Amino acid sequence: MVYWAPFYFLERVMQLLFYQSEDEIIPIPWPLVNYGVKMENFKPIYQIDDFYYPEQDPKFQFSKQLQLFLIGRALLIEEVPFSLEEIHEHVKHGYIRYIPGQKMSQDKKEIICQRCCNTDLSYFAEMYCSRCHSKCLYCRRCIMMGRVSTCTPLLIWVADPPLFTFPNCLKFEGKLSPLQKKASNKVIKTIVEGGNLLLWAVCGAGKTEMLFEGIETGLSMGKRIAIATPRTDVVLELSNRFKKAFPDVPIVSLYGGSHERHSFAPLVITTTHQLIRFRSAFDVLIIDEVDAFPYSVDDMLQKASRKAMKEESAVIYLSATPSEVWQQEVKTGKRNCFILPARFHRKALPVPTFRWCGNWRKSLHKGKIPSKLKEWVFERVKKNQQAFIFFPHIELMEEALPLFQTLHPKIESVHAEDPSRKQKVQEMRDGKLLILLTTMILERGVTISNLDVAVLGAEDETFTESALVQISGRVGRNPNYPNGDITFFHFGITRSMVLARRQIIEMNKKAREQGLIDN
Amino acid sequence: MKFFQNDTCLYCDQIMEQEFTWESLLLGTEKKLLCRKCQSKFELIEGETCLKCGRVRNDHFETNEICLDCLKWETDEKWKGVLEKNISLFVYNNFMAELIAKYKYRGDYCLAKIFSSYIREATRKLEYDYIVPIPLSKERLYERGFNQVEALLIEANIKYDSILFREHSEKQSKKSREERIRQENVFKLNECFNLKGKHVLLVDDIYTTGATLRKAAKILYTSGASVSSLTLIRS
């Protein structure tokens with residue numbers, strides 16, 4: 001016999017203890033323990049070994065809102081704006097489950113955070129917990145979403161997901177090139193049949209358009225789809241394009257600080273980080289720029305994206321520069337891959353030139369720009385040609401900025417934490433700046449129509465193969481200016497530089513063989 | 001089981017470069033918790049301060065030895081002498097505000113370790129009979145999952161006595177100075193302790209108006225104790 005009445009007086013339930021009787025487990029919000037019931041009778045969730053989960057009762061009238069709120073996620077009790085009474089009714093009828101926030105792996109060697117899948121012990125911290133009155137571990141990896149400690153229950157929806165279908169929802173006027181069409185068919189096939197696909201498309205191949213038809217097919221089949229990309233700017237840009245292409249489909253965009261995190265949509269566009277909010281949510285997951293930070297670096301995000309997918313699902317990876325391992329797998333046929341070696345404007349990719357410029361660090365410390373780079377800059381100034389110069393580190397760039405500004409007044413610098421970063425990039429687009437010194441942040445996604453690019457210190461380890469290919473990919477994007485200069489100024493050639501150049505040359509070769517470029 | 005291998009900064013999560021010096025190799029000095037960049041953002045309270053509340057001396061002082069705020073407290077019959085002295089360790093700058101938000105409101109308990117050595121050092125210099133953290137109400141304690149002041153002491157390995165407890169009220173940080181002072185006393189005394197002639201050191205995380213500390217002190221003071229306080233931050 002449970003007495004529910006006091007629950008209505010609570011602003012919100014923070015956490016539950018559980019009362020286990022022979023045939024039932026009753027959740028008790030903590031303040032009720034004050035109402036004259038003995039604390040000893042209540043256990044935190046991890047102390048209940050054989051949690052009793054009832055069969056799903058098909059006759060039960062479940063709440064649609066609760067379903068939409070919980071589906072595909074694992075939430076803290078205080079995140080769910082429904083009464084505990086209603087939640088527990090769903091538990092009793094087999095629609096929702098309480099699961100412990102942490103789990104021991106089967107070999108008892110690892111602890112797994114049930115929300116973000118972290119298993120790295122250095123990210124679990126110990127605390128003396130005032131909720132369960134004992135030592136608790138909590139996960140620091142996902143603490144920005146609210147603390148999950150050992151005694152914290154999470155709520156998951158275990159019944160069927162909501163059904164939907166959006167047939168013929170694509171309103172896209174543009175036309176695909178024959179090659180794009182081929183890629184698009186591959187995407188459709190993967191989405192329908194499941195499995196993996198790597199879409200290896202050079203910078204400027206038109207990746208987004210190739211996804212449209214596949215996504216339309218998926219949505220018409222009632223599949224839930226997510227597109228994950230590493231950066232917020234790209235989430236916003238993609239959302240705009242998809243909202244235009246799919247005007248009748250609800251689309252949610254998620255990034256740090258977005259307000260849409262509690263709404264349900266069949267199509268979700270999200271930063272890779274926000275993927276950790278999901279659990280068995282998607283039939284199709286499209287991961288943009290798999291090679292980019294942070295997805296390739298951060299093991300947690302890889303686990304989280306695996307967790308965000310349903311068991312039978314399709315994954316499509318997009319990349320302009322897959323990692324060496326993946327490239328090998330493609331070569332040996334171990335990875336299902338479709339390569340687009342040419343840009344949509346049918347011109348070859350500009351190939352980087354290497355120029356030795358001596359000990360450029362030393363020169364900069366002495367207040368001198370390396371002479372070869374200086375020449376290069378003078379040429380741009382003479383022709384009034386816009387350019388980016390990439391630097392490996394902020395400090396060096398800041399040190400060099402005044403030196404460059406003596407060459408020409410319209411030279412600025414930008415880095416990741418620069419508050420006026422957006423404005424400076426815009427000024428570059430408007431032609432108000434001639435040369436922009438930058439760190440790695442502009443390596444991806446920024447498109448300026450007529451641009452030359454230099455890399456200073458290309459031998460630095462921050463410039464990986466994929467970073468260098470991306471940087472080279474900034475040049476010659478616009479059909480009107482398909483050529484441009486890309487020069488790596490260096491103090492010793494590295495493997496990454498060689499591999500990057502080789503990758504670009506090979507792509508051009510492939511494109512020529514397939515008759516995809518005109519020059 | 002030891003859960004911390006401190007190769008990343010406890011606050012910003014960047015990988016720290018280990019500094020190898022003869023000293024660290026031979027003597028095995030304490031491992032650092034924060035990277036140099038984060039460490040440099042702390043501002044310790046140094047130099048001349050208000051003799052009463054420990055705030056850094058500035059234009060508000062005129063010629064007095066205590067600041068105008070404290071003058072206000074000390075001229076009020078009700079509060080005069082209730083709190084002998086407050087000592088604060090850090091200035092409340094932006095970095096500290098972020099750190100405290102992460103610690104207190106996000107609930108990242110282990111950040112308390114950052115302050116352990118400072119708190120140990122500070123309490124060693126002071127004399128007291130009882131050390132008493134400002135308590136949280138049961139409700140707030142449950143919401144946070146830990147008392148942020150007690151956690152500071154636990155992590156610093158300092159034994160404390162729970163002489164006070166607190167009834168539930170709205171959050172202090174949402175109220176003005178006047179509201180804070182006018183509000184009735186939420187602190188109650190644990191009667192098991194005999195406080196006559198004893199000196200109590202109250203511990204809190206932030207000294208803002210001094211109202212919370214004085215209210216807690218008042219209870220102790222009226223039971224015959226003298227009271228001073230140690231706070232992590234003077235805002």
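Every heavy atom of this structure was used, including side-chain atoms; hydrogens, water molecules and symmetry mates were not. Note that the coordinates shown come from a computational prediction; the quantities given were computed from them, not determined experimentally. Each chain gets a letter, A, B and so on, in the order its sequence line appears, and its residues count up from 1.
A:R140 approaches B:K102 most closely through the heavy-atom pair NH2-NZ, 4.4 Å.
Counting only distance, with no hydrogens or angles, the side chain of B:R144 and the backbone of A:S130 share no donor-acceptor pair below 3.5 Å.
With a threshold of 4.5 angstrom between heavy atoms, A:Y138 approaches chain B through side-chain atoms but not through N, CA, C or O.
Residues meeting the side chain to side chain contact (heavy atoms under 4.5 Å, CB included) test with B:K188, sequence neighbours left out: B:F165, B:E167.
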Please walk me through it: do A:I143 and B:Y109 pass side chain to side chain contact (heavy atoms under 4.5 Å, CB included)?
-> CA-CA 11 Å; A:I143 196 164; B:Y109 182 96; over 6 Å; no
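Residue A:M127 holds its CE atom at 9.5 Å from CD1 of B:I154, rounded to the nearest 0.5 Å.
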